[in-house]
Amino acid sequence: MATFDLLVLPGDGIGVEVTSAAQRVLDTVGRRFKHTFRSASAAVGGVSIDNPGAPPRAETTALARKADAVLFGAVGGPKWDDAPVRPEAAILGLRKALGLFANIRPVKIFPGMEEASPVKNDRVNGVDLIIIRELTGGLYYGKPKRRWTTKAGRQGVDAMRYSEREVDRIMRTAFELARTRSRRVTSVDKANVLEVSRMWREVANDVAKDYPDVTLEHQLVDSCAMLLVTRPASFDVLVMGNMFGDILSDEAAVITGSLGMLPSASLAGLPRSGGGRRRAVRGLYEPIHGTAPDIAGQSKANPLGAILSAAFMLQYSFGLAEEAHVVNAAVEGALAEGLRTADLAPAGARAVSTEQMTDAVAAGVEAA
Ligand code: NAD
């Protein structure tokens, strides 16, 4: 029996619908396992741009710092495409303020869902991998970062820079996660060309010495991109820098067939394993999809990405592994019963609403 504080930031469009679904499932977990999830919420993204009374970003960040975890929906939409402050600034600012350097994206094909994949069924059977992307360094943040003009024309530069400390901590996150799974880590780099990747690989090998029970292999990013399509089921935990992770995690997401199914967590690392219950870590949890303006407000959104993000939160930020397992099993159960939201339903088949899918998962948690 425990009490946890969570900050809910629904954002815009279907962000509101799916975070509400995830909260409903968390409430059911609370009743079933006798935990209390106390939640506060705040406006972020487009809604906060529209509402002059919305709390300033610093206030939302302070609320996030006080909470045990943050559940985020999605932000943005055509209405704010030309706004002077982009709605996405909310999420980028929070990740930075909370020091969330590890982005964790599982890609799992649930039994019976192989048909939804654009990749041949026999290749995606049993896919259950996790991509860990370094989130606060690398090419997107390295200096120099600028554009200039010479007599010969325009030029531009971005730098892919990593420090040993940054590589060490993301590697440890990968190895710790691998210890909770099948103890295999694939580190992705471009060590045949880039100096930064050669350093990345050296540090990965150094960290591996502290984890003799985990197997480390290295893959070049270009061949990894091919293998993710040709034999995705052969991977377990993959770890990579910011840009490689940005690209490969979207590629891997596509093989599941629907963006609506996929959760994510951004964490300030994982505590070192070794005896006893895992210490909780601060994290921000969100489905990987956006605000889906084309279906917003129509009860068509697939809530499973947000619900699975809540399961992640139970596991990593609240240390409630059994409860997380029950939510994951309830999702699997709802899919096994044949329930499909519109994004998953084959042409001509009946689709259930956001609420019906959520009810089925909540019922599964209740019955566990
Ligand atoms: P999107 O993910 O919102 O939608 C892409 C397609 O997938 C749409 O057809 C949509 O209906 C469908 N889809 C997405 N999630 C679904 C779900 N849960 N259930 C059923 N169908 C779902 O991507 P987009 O259309 O490129 O972007 C729309 C807006 O969202 C943009 O303003 C974009 O900037 C923003 N966005 C925000 C985030 C975030 O907040 N993390 C991420 C991506 C995009």
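Every number for a ligand or one of its atoms is a count from 1 in the order of the listing.
Atoms of ligand 1 lying under 4.0 Å from any heavy atom of Ala301, numbered from 1 in the order shown and given with element: 19 (N). Those atoms of ligand 1 that come under 4.0 Å of a heavy atom in Ala74, given as number and element, are 40 (O). Below 4.0 Å from some heavy atom of Gly76 lie the following atoms of ligand 1, by number and element: 32 (O). The atoms of ligand 1 that sit less than 4.0 Å from any heavy atom of Glu286 are 41 (N). Residue Glu88 approaches ligand 1 through these ligand atoms, each under 4.0 Å from one of its heavy atoms: 34 (O). The distance from ligand 1 to the heavy atoms of Pro293 drops below 4.0 Å at these ligand atoms: 28 (C). Close approach of ligand 1 to Gly260 (heavy-atom distance below 4.0 Å) involves ligand atoms 17 (C), 18 (N).
Of the candidates Gly45, Gly73, Gly290, the one placing a heavy atom closest to atom 36 (N) of ligand 1 is Gly290. Among Thr291, Leu304, Asn302, Ile91, the residue whose heavy atom lies closest to atom 30 (O) of ligand 1 is Thr291. With distances taken over non-hydrogen atoms, the option nearest atom 21 (N) of ligand 1 out of Leu344, Ile295, Val75 is Ile295.
Using a 4.5 Å heavy-atom threshold, the side chains of Leu308 and Asn328 count as touching. By the 4.5 Å heavy-atom criterion applied to side chains, Leu238 and Leu129 are counted as neighbours. At least one side-chain heavy atom of Ile91 sits under 4.5 Å from a side-chain heavy atom of Leu284. Contact of the Gln356 side chain with the Leu339 side chain is not registered, since no non-hydrogen atoms from C-beta on lie closer than 4.5 Å. Thr354 places a side-chain heavy atom less than 4.5 Å from the side chain of Pro303. Between Val326 and Phe33 the shortest side-chain heavy-atom distance falls below 4.5 Å.
Side chain of Glu17 to backbone of Thr19: no donor-acceptor contact under 3.5 angstrom is found. Counting only distance, with no hydrogens or angles, the side chain of Asn242 and the backbone of Gly138 share no donor-acceptor pair below 3.5 Å. Formation of a donor-acceptor pair under 3.5 Å by the Thr230 side chain with backbone atoms of Met226 is found in this model.
Protein non-hydrogen atoms do reach within 4.0 Å of atom 11 (O) of ligand 1. At least one protein heavy atom sits closer than 4.0 Å to atom 40 (O) of ligand 1. Of the protein's heavy atoms, at least one falls inside 4.0 Å of atom 18 (N) of ligand 1. Taking a distance limit of 4.0 Å, we find that atom 26 (O) of ligand 1 is approached by no protein heavy atom.
In this structure, Asp294 has a heavy atom closer than 4.0 Å to ligand 1. Under a 4.0 Å heavy-atom criterion, Gly77 is in contact with ligand 1.
Looking from atom 3 (O) of ligand 1 to the surrounding protein, the closest heavy atom is Ala292 N, 2.8 Å. Among protein heavy atoms, atom 14 (C) of ligand 1 sits closest to His289 CB, 3.7 Å. Atom 6 (C) of ligand 1 has Leu259 CD1, 4.5 Å as its closest protein atom, hydrogens excluded (heavy atom only). Considering only non-hydrogen protein atoms, atom 16 (C) of ligand 1 sits nearest to Ile14 CD1, 3.8 Å.
A perpendicular orientation is assigned to the rings of Tyr285 and Phe312, their planes being inclined by more than 60° (bins at 30° and 60°). Ring geometry for Phe175 versus Tyr211: interplanar angle under 30°, hence parallel rather than tilted (30 to 60°).
Donor-acceptor pairing under 3.5 Å is lacking for the side chains of Glu59 and Thr61.
Neither the backbone nor the side chain of Ser258 has a heavy atom within less than 4.0 Å of ligand 1. Contacts between Asp81 and ligand 1, counted as non-hydrogen atom pairs separated by less than 4.0 Å, are absent for every part of the residue.
Remark: ligand 1 and Ile288 share no N or O pair separated by less than 3.5 Å (distance only, no angle test).
For the side-chain contact (heavy atoms from CB on, under 4.5 Å) test with Ile288, the passing option among Val107, Leu259, Asn103 is Leu259; the others fail.
Cluster annotation: Leu216 and Phe235 are assigned to the same hydrophobic cluster (Ile/Leu/Val/Met/Phe/Trp/Tyr, side-chain heavy-atom contacts under 4.5 Å, transitive).
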